[in-house]
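Worksheet for the structure shown next.
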Amino acid sequence: MVKRYGALTAVDGLTLTARRGEVTAILGPNGAGKTTTIEVCEGYRAADAGTVRVLGLDPARDGTALLPRIGVMLQSGGIPPAVPVGEYLRLLSRFHMKPQDPAWLLDITGLTGSARTPYKRLSGGQQQRLSLAAALIGRPELVFLDEPTAGMDPQARHATWDLITQLRADGVSVILTTHFMEEAERLSDHVVIIDAGRTVADGTPATLTGSAGQLRFRAEPGLDTDSLLSALPAGSAAKESPAGHYLIEVPGGTVEPALLAAVTAWCAERAVLPSSLRIESRTLEDVFLELTGRELRS
């Protein structure tokens, strides 16, 4: 898919597939083309080139048939500020053939006690939960969730994660965009990382992060990591960041018992007592930063 805004190419030959009944996370830094991609899939914009199909339909031409089958959760806005929560969901329910029960949606999103509260008086997290309820009111086959837990406290975040997991179990397809890598890693069956309008990685969270390949420990600051490297297999990397926190990465992605023994022997020779010694896999955030860089995006 290609989408241009004048001289700016926002989406530059992007290719991705989201499978039915799965949670697909679309990740990318600011300006990567995520929002434009989602807006094209929702039918709000038309692609300049390429083929787009959502539930087998062209969102640009078949909007009348597609819109009743999808739900869209906006990150902010779109709800009249003075409308009470319960009244808003009851109004939306009248626009659908077989709506969910508004009272049930209020209950599962924790908003029953705020049913008479105007939207503008809700906290940021409560507004997000109302947007989620609005996206689900029409029993969608596919739901687009844009930063679904932004502004939520930990309890609301975990409740929302449970709800998304239940949606998948019920056969609902979910397209998730988020900057919260733990959220994507925890919920997604499939992850697509995009940058500069193109796909740069595509796979399951486990495939993208690989096997256990990192050894971390804490010790006194300023240890000689060059000396430590000489005791490790060729191709290993060792660094201290931040002070007193040490990271060892090994070639091949697997920490073997011999490597663990070499590190502890090296520490023992120098009368260093390592603490918080642990073996880890790379996280999705590690992969994301490796692929898209660490510089700030405007």
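Bear in mind that the values here come from a model prediction, so they are computed numbers and not experimental data.
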Q.
The criterion is side-chain contact (heavy atoms from CB on, under 4.5 Å); which residues satisfy it with R19, sequence neighbours excluded?
A. E22, H190
Q.
Suppose the criterion is side chain to side chain donor-acceptor pair (under 3.5 Å): which pairs have a residue in residues 231-241, not counting sequence neighbours?
A. E240-Y246
Q) According to the ring pair (Phe, Tyr, Trp, His ring centres under 6.0 Å) rule, which pairs have a member within residues 82-115, sequence neighbours left out? A) none
(Q) Holding to side-chain contact (heavy atoms from CB on, under 4.5 Å), I want the full list of residues that pass it with T204, two or more places apart in sequence or in another chain. (A) A206, T207
Q) Would you say the side-chain atoms of W266 and S227 include a donor-acceptor pair closer than 3.5 Å? A) yes
Q. Considering residues at least two apart in sequence or located in another chain, which fulfil the side-chain contact (heavy atoms from CB on, under 4.5 Å) criterion with S93?
A. P99, P102, I137
Q.
Please give the remaining members of the hydrophobic cluster of I193, linking ILVMFWY side chains under 4.5 Å, ordered by chain and number.
A. L27, M181, V191, V200, L208, L284, V287, F288, L289, L291
Q | Note, I108 side chain near L163 side chain (heavy atom, < 4.5 Å) | A | yes
**Q.** R53, CZ atom: more than 12 neighbouring heavy atoms under 6.0 Å
**A.** yes
Q. Are more than 12 heavy atoms from other residues, nucleotides or ligands located less than 6.0 Å from atom CD of E249?
A. yes
(Q) Going by side-chain contact (heavy atoms from CB on, under 4.5 Å), name the residues that satisfy it together with R216, two or more places apart in sequence or in a different chain. (A) Q214, L247, R278, E280
Q: Go through the structure and list residues passing side-chain hydrogen bond (donor to acceptor under 3.5 Å, both in side chains) with R90, not counting sequence neighbours.
A: none
Q) Minimum heavy-atom separation for A184 to T178, with atom names? A) CB-CG2, 4.0 Å
Q) Can you name the side-chain hydrogen bond (donor to acceptor under 3.5 Å, both in side chains) partners of S173, sequence neighbours left out? A) none
Q.
Once salt bridge (Lys or Arg N to Asp or Glu O under 4.0 Å) is applied, what residue pairs with a partner in residues 166-183 remain, sequence neighbours excluded?
A. R168-D189, E182-R186
Q | Heavy-atom closest pair, residues A238 and L228 | A | CB-CD2, 4.2 Å
(Q) Taking side chain to side chain donor-acceptor pair (under 3.5 Å) as the cut-off, I'd like each qualifying pair that reaches into residues 37-52, sequence neighbours left out, listed once. (A) Y5-R45, E39-R45
Q | R270 CZ: over 12 foreign heavy atoms closer than 6.0 Å | A | yes
Q: Verify the distance criterion only: is there a donor paired with an acceptor across the side chains of T283 and D286 at less than 3.5 Å?
A: yes
Q: Could you list the residues that satisfy ring-ring contact (aromatic ring centres under 6.0 Å, His included) with H158, not counting sequence neighbours?
A: W161
